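Encoded as structure tokens, the structure appears first; notes follow it.
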Number of protein chains: 2
Amino acid sequence: MNTEHRSGCPINLSLEVFGDRWSLIILRDMIFGGRRHFRELLNGSLEGIASNILADRLKRLMELGLLTKADDPSHKQKAIYSLTEMAITLVPIMAQLGAWGRVWLPVSEELSIRAELLEKGGPPLWEQFMDELRHEHLGAPVKTPPGTPTVRQKLQAAYEAAVARKAEATTA
Amino acid sequence: MNTEHRSGCPINLSLEVFGDRWSLIILRDMIFGGRRHFRELLNGSLEGIASNILADRLKRLMELGLLTKADDPSHKQKAIYSLTEMAITLVPIMAQLGAWGRVWLPVSEELSIRAELLEKGGPPLWEQFMDELRHEHLGAPVKTPPGTPTVRQKLQAAYEAAVARKAEATTA
DNA sequence: CAATCTGATTGCATTTTGCAATCAGTTGCA
DNA sequence: TGCAACTGATTGCAAAATGCAATCAGATTG
């Protein structure tokens, strides 16, 4: 791991981690999209990342301690990528970035509904979501009562409802 | 302004604005360092930005609507850069970024004291700071009672105290 | 009137990026 | 058994971004 830094400023160091056009996109797809495999990240990406860039960034994120990689028992060549606690605690940053983008940038209705929900839920919802991610990626015990819909399920349902609304509006 | 976007996702669009190694550094120096002139940003930057990159990013940030430029009455060649409301509302993102970096990255004591204060102050302190920035950059009326120390003064005082502590520790 | 300061711009070598093509090993299916 | 499809990548190459040094012209200072 490269230990040369431009300065010890926290914002600068954070920028040295995310100051590119792809790293956060990959983490977004893992956190909100639940993607764990190379192909899922490659083909599922709305923005169309190239495979060499994806490979490079996955490697880099592992070196930085944001991801870990493990063999998938179902397929000898398949690897499963997991978020570390370091990556899971990015949820508040993602939420703030989404909230800011929703206000100031030309976001699309369907894609911003999740950001809106996350913003309205505030820190308590973020915490619940992070707990779910700790369960999925780190094997931590679930803290919510069984039967409770997960945050990701709620975000996904809201997204699908928005897509359905849009489809109805255009066909009607 | 380029209107081609990779997707309408708020996180992606935010990344299209800040997804580089310098834009947020410049905004950080303007927000927390109070810098308003080209030379201040060029020479005051800890990270050592090159003048052509600075010129390019200032132009880009103006096109994106994060900065405005005006003549400085004191010097016919001097330009004063001002933050727009769009840029001022980045304060919560900066605070979260600083908080995350403080936990996970090799930050230096002196440079992270401000992030710590901002984190501890939470949203109320962020709001006060944003009001001060609106006053400085947009000419909005001050909301705090006269005589109250400004947030930037408090951050600066804490920074200088940390530097002094460090100097004492090394000379003692 | 010379030195310095202002906000840049230019040229150039190096590095990073993005795209297309390709790779070898694994699996599913006929 | 054989072959196509799928796995996580790697390679070559052109284009773009970056960083550095030098330079610029106008404004101000001494």
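Only a predicted model underlies this, so the values are computations on that prediction, with no experimental measurement involved. Chain naming here is simple, since letters A, B, ... match the order of the sequence lines and numbering starts at 1 in each.
Partner of B:L61 under the side chain to side chain contact (heavy atoms under 4.5 Å, CB included) criterion, chosen from B:T68, B:L83, B:L27: B:L27.
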Spell out protein contact along nucleotides 8-18 of chain C as letters: B when the base is contacted, S when just the sugar-phosphate is, - when no protein heavy atom is under 4.0 Å; keep the 5' to 3' order. BBBB-----SB

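OP1 or OP2 of C:dG7 sits under 4.0 Å from a side-chain N or O of B:H37.
Rounded to an integer number of Å, the gap from B:L54 CG to D:dT18 C1' is 14 Å. B:I49 places its CD1 atom 8 Å from the P atom of D:dG19, with the value rounded to the nearest Å. Rounded to an integer number of Å, the gap from A:D72 CG to C:dT26 P is 14 Å. Residue B:E47 contributes atom CD, which lies 15 Å from atom P of D:dT18 at whole-angstrom precision. Distance A:N43 CG to D:dA5 P: 16 Å, rounded to the nearest Å.
The cationic atom of B:R28 (NZ for Lys, CZ for Arg) does not lie both less than 6.0 Å from the six-membered ring centre of B:W22 and within 45° of the ring axis.
B:T89 and A:W104 are linked by a side-chain donor-acceptor pair at a separation below 3.5 angstrom, with hydrogens and angles left out of the test.
Nearest heavy atom pair, residue A:R102 against residue A:S112, reads CD-O, 3.4 Å. Residues A:R152 and A:M30 come closest through the heavy atom pair NH2-O, 3.8 Å.
Residues A:I93 and B:L97 form a side-chain contact, since some pair of their non-hydrogen atoms from C-beta on lies under 4.5 Å apart.
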Apply ring pair (Phe, Tyr, Trp, His ring centres under 6.0 Å) to residues A:Y159 and A:F32 and explain how you reach the verdict. CA-CA 11 Å; A:Y159 169 67; A:F32 298 102; over 10 Å; no

Between the protein and nucleotides 27-30 of chain D, list the N/O to N/O atom pairs that are separated by less than 3.5 angstrom.
{"from": "D:dA27", "atom 1": "O4'", "to": "B:Q77", "atom 2": "OE1", "distance (Å)": "3.2"}
{"from": "D:dT28", "atom 1": "OP1", "to": "B:K76", "atom 2": "N", "distance (Å)": "3.3"}

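Among pairs with a residue in residues 69-79 of chain A, none fulfils salt bridge (Lys or Arg N to Asp or Glu O under 4.0 Å), at least two apart in sequence or across chains.
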